[in-house]
Asker: 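Encoded as C-alpha cells, here's the structure I'll be asking about.
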2 protein chains.
Amino acid sequence: MTLKQLEAFYWAASCSNFAVAAQRLHLSVSSLSKRIAELEVSLGQLLFDRSGHRAVLTEAGNFLMPRARELLMAAEKLQTELRHAANLEGYCQIGVGELTALTWLPSLLRQVRNRHPKLSLEAFIGIGEILEQRLADGEIDVAVVAGRSSLRSVSSERIGEARFAWYIAQSVHPEFSTVEPGLFEQLPMVGLPSGSGVTRLVDDWQRDQGLVVGERIVCNQWGAVVGLLREGLGFGLLPRGWADAFSVQYGLRRLGCEPELPALDYYVHWRSDDYRTLVKTLRELVLRSVCFNI
Amino acid sequence: MTLKQLEAFYWAASCSNFAVAAQRLHLSVSSLSKRIAELEVSLGQLLFDRSGHRAVLTEAGNFLMPRARELLMAAEKLQTELRHAANLEGYCQIGVGELTALTWLPSLLRQVRNRHPKLSLEAFIGIGEILEQRLADGEIDVAVVAGRSSLRSVSSERIGEARFAWYIAQSVHPEFSTVEPGLFEQLPMVGLPSGSGVTRLVDDWQRDQGLVVGERIVCNQWGAVVGLLREGLGFGLLPRGWADAFSVQYGLRRLGCEPELPALDYYVHWRSDDYRTLVKTLRELVLRSVCFNI
DNA sequence: CGCGTTTACGCCTCACGTAAACATC
DNA sequence: GATGTTTACGTGAGGCGTAAACGCG
C-alpha cells in the first residue's frame, strides 16, 4: 500500500469517472486503473465493483474512503508543515464566470505567478451551472461564480459583490431613459443563458416587480452581449463598473431604474471533500486578491 | 514523500544506527540512506545532521518523528482493518532467555508456523540484560525474559511464572538433603551469569535470608549447568518443571528449602514506540500460547 | 584503523503511456 | 456505436545491492 495508490483510489472514487480522476492526478487512465488494482491486491479486497458499465464502490471501498482521506490529509499536512515556504507546485484548474474572467482573473493569475511560480493555474470559463457541475465532477479545482452552489458536495465562501445596471443603445432607442414596464414588452432583453447568476438575478427581480418576462436574446458571452446592445437589438443588464468604462464610447446609455437591482454576490467554491493544501491555499489567495469593483 | 521513505526515516531515527534499521526493514544500508536522502529532498529539509561520526536528528527531524509515527500507525491500522485474515507476513526476530528457548519456544514457533505461514520468526537466545539492550536498539522485535525491563523505552506484560528448586548430585553429596547455611559455605553454587533473571532471584533471596554469598560457578547455558551439577561440582537452582523430567535419571536430588524461593515472573517485552501490527499480534500470540509449566 | 554513512555503478524491477481489446449501456 | 475500464506491450526512470570511498573518532 502506498500513498499514491490511496490517492488514486480516493480520486477515482470521488470523481465522476476514472478519466477525470486521472486528469486530476496527471496520469493516464490505464495507470490509474493499475494503481487501484494494485491497491486491491495489496489489501486483498476489491474496492470497486466492475460488473456494471461503470466502476462503483464496494463495501470495502466505502469503508476505505473516509480513512484514505484521513491518511492523505495527514500526509499533506505533514508536508506543508515541514516544507520551507508555502510554495505551491503543480497544476490546477480554476473555473470562473466570464465576467470574472474579463475583470478580475488577470490580476489573480498575475498574483499566482508571482507568489507560486511553480504552480501552473489554468482557467476554464463557463456559466455558473456548468462550473458547479465540473467542480463536483472533479474536472476543476476551484470556481469563482455568482451565488451559492446548489450542490451539497460543494462548499463556498463569499468574496464580494457586483452591481448591475441596464444599458441601451442611445442612438437607436432615444425614447427610453428609464426601465419601465413598457420596455419589456417592446424590446427584447439581451443577456446570458439561464444557468448564469446574472440571469437568476434578473428573474428574481422581474418576479418581485411583477413584470412580464418579455422576449429574450440569449448569448453566452458578455462581449457578444455588448455587441448586440450596440446594434440596438434590445436592452440589457451589464456590470456597472465594467460597462461604464466603455458605455460612452459605445453609445450605450445607462437606464434609470427604480428600485435598483440588488447586488450579485460572488463566491469562491470548492469541493467539500477536497483535502489538498493546493485548494486551501488557492482559496485564501482568491479571497485576498479580490478587488471586486465590477 | 512516500510511506517507505517515512518508514525508513522513522526506524533510522529510532534504532541505534542505520545498519540496525536497515536490517529491520530488510534493506541494505545504502538503500536506507538513499531513501532518507530522498525524503529530505522531497521535504526540502535536512532530517539528520551528518557532521559528526553518526547521524543525529536535526530540529526538523525531531519535529517529524512523532508525526511520521502517527502516519505510519494510521497506515498500518488501515491495512490490518481491511486485510482479509490477520495473516502476518514478513520476518521478525524474537529474543528469549535460554530457559524459555528450551521449554516453551518450540511450541510458540509451531503455533506461529500454523497460524501465520508467511511469517518467518527467528529466535535469538540470550540473557535478559542483553535481550533488553538488543530490543531497545531495534535488533529484535519482541523478547520473552524474566522480570520487568529496566529500560524506559521498553514496555512489558506479564505472561506467567516459573518456579525453581535446588538440585544436587545425590551420589557425590549424599550428606545434603535440604538447603542450609552451611551448604553455601562448603559448596559452590552453579548458575547463570549475573545478568539473568534467575540469578537476580537468587541474589534477592540470599539477601533476604541473610545468607553469605559463597563461591559461584557461572556458566551461560542451562544445559551446561545441569552437566556441572551431575558432575557434583556444586549445587544449583533449576526450574522445577523442567528439571524434574530428568532429575532421577541424572541422579539429581531436589533439596528441601525453607522458605521456598518465590516464583520468577516472566514478561513479554517490546519497544514502546513500535507501532507495527506485527509486534502487537505477536505479543498477543505469545500471551495466548503460554503454557508456563517450567 | 574501525565504525558509520554516503557515493558509484550495474542491474532489474516496476510504473508509465500508447494502443488495442473488452464490456456495458 | 458510445462510453468507461482493463489488458498488452515496449520503454525509461528509479530503487535495489555490491563494493568502494569518505570522514569522524
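Chain identifiers are assigned alphabetically (A, B, ...) following the order of the sequence lines, protein sequences preceding nucleic acid strands; residue numbering begins at 1 within each chain.
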Asker: Tell me which nucleotide among D:dT6, C:dT7, D:dG17 gets nearest to the side chain of B:S33.
Answerer: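 Comparing D:dT6, C:dT7, D:dG17 against the side chain of B:S33, the answer is C:dT7.
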Asker: How about A:S272 and A:S153: does a side-chain donor come under 3.5 Å of a side-chain acceptor?
Answerer: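 No.
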Asker: For DNA chain C, whose closest nucleotide is more 5', that of A:S51 or that of A:S28?
Answerer: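 Of the two residues, A:S28 wins.
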Asker: Within this structure, what is the CG-to-P distance between B:D49 and C:dT6, rounded to whole angstrom?
Answerer: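 These atoms are roughly 11 Å apart.
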Asker: Which angle, rounded to 10°, do you find between the first-five-pair axis and the last-five-pair axis of the helix from C:dC1-D:dG25 to C:dC25-D:dG1?
Answerer: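 Helix axis angle between the two ends: 30°.
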Asker: State plainly whether the residues A:R271 and A:D137 are in salt-bridge range, i.e. N to O under 4.0 Å.
Answerer: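 No, A:R271 and A:D137 are not salt-bridged.
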Asker: Mind calculating the distance between CG (B:L27) and C1' (C:dT6) to the nearest angstrom?
Answerer: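 Checked: the CG to C1' distance equals 15 Å.
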Asker: Can any side-chain N or O of A:D141 pair as donor or acceptor with the backbone N or O of A:I94 at less than 3.5 Å?
Answerer: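 No; zero donor-acceptor contacts below 3.5 Å.
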Asker: Rounded to whole Å, please give me the gap between NZ in B:K4 and P in D:dG14.
Answerer: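 Taking atom P of D:dG14 as the reference, NZ of B:K4 is at 15 Å.
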Asker: Kindly point out which of D:dG4, D:dT6, D:dG17 is positioned nearest to the side chain of A:N17?
Answerer: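 For A:N17, the side-chain atoms sit closest to D:dG4.
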Asker: Would you indicate which nucleotide in C:dG17, C:dT6, D:dC16 comes nearest to any side-chain atom of A:K34?
Answerer: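 For the A:K34 side chain, the nearest candidate turns out to be C:dG17.
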Asker: Is it the case that B:R69 and B:Y275 place a side-chain donor and acceptor less than 3.5 Å from each other?
Answerer: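 No pair is found: no donor N or O on one side chain lies under 3.5 Å from an acceptor on the other.
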Asker: Run the numbers on A:E38 and A:K34 for salt bridge (charged side-chain N to carboxylate O under 4.0 Å, His left out), then give the verdict.
Answerer: CA-CA 6 Å; A:E38 277 158 6; A:K34 219 188 300 181; 5.9 Å; no
Asker: Give the rounded distance in Å between these two atoms: CZ of A:R50 and P of D:dT5.
Answerer: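 Answer to the nearest Å: 9 Å.
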Asker: Which residue, A:H53 or A:S30, contacts DNA chain C at a nucleotide closer to its 5' end, judged by nearest heavy atom?
Answerer: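 The answer here is A:S30.
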Asker: How many Å lie between CD1 on A:I36 and P on C:dC16, as a whole number?
Answerer: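 Between P of C:dC16 and CD1 of A:I36: 12 Å.
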Asker: Quick one: which of C:dG4, C:dC16, D:dG15 gets closest to the side chain of B:R54?
Answerer: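 The closest nucleotide is C:dG4.
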Asker: Are side-chain N/O atoms of B:S31 and B:S28 paired as donor and acceptor at under 3.5 Å?
Answerer: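 Distance-only check passes for B:S31 and B:S28.
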Asker: Are any of the side-chain nitrogens in A:R115 or A:E284 under 4.0 Å away from the carboxylate oxygens of its partner?
Answerer: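 Between A:E284 and A:R115 there is no salt bridge, as every charged N stays at least 4.0 Å from the carboxylate O atoms.
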Asker: How close or far is atom P of D:dG14 from atom CD of B:E38, stated in whole angstroms?
Answerer: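 Answer to the nearest Å: 9 Å.
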Asker: Could you check how far CG of B:D137 sits from P of C:dG4, rounded to whole Å?
Answerer: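 Those two atoms, CG and P, are 11 Å apart.
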Asker: If the cut-off is 4.0 Å, is B:R35 near the phosphate of D:dC16, judged by side-chain N/O to OP1 or OP2?
Answerer: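 Yes, B:R35 has a side-chain N/O under 4.0 Å of OP1/OP2 on D:dC16.
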Asker: How do B:V29 and A:F48 order along DNA chain D: which one's closest nucleotide is nearer the 5' end?
Answerer: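 Nearest-nucleotide comparison on DNA chain D picks A:F48.
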Asker: Could you give the CD-to-P distance, from A:Q5 to C:dA15, as a whole number of Å?
Answerer: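 Roughly 8 Å, once rounded to whole Å.
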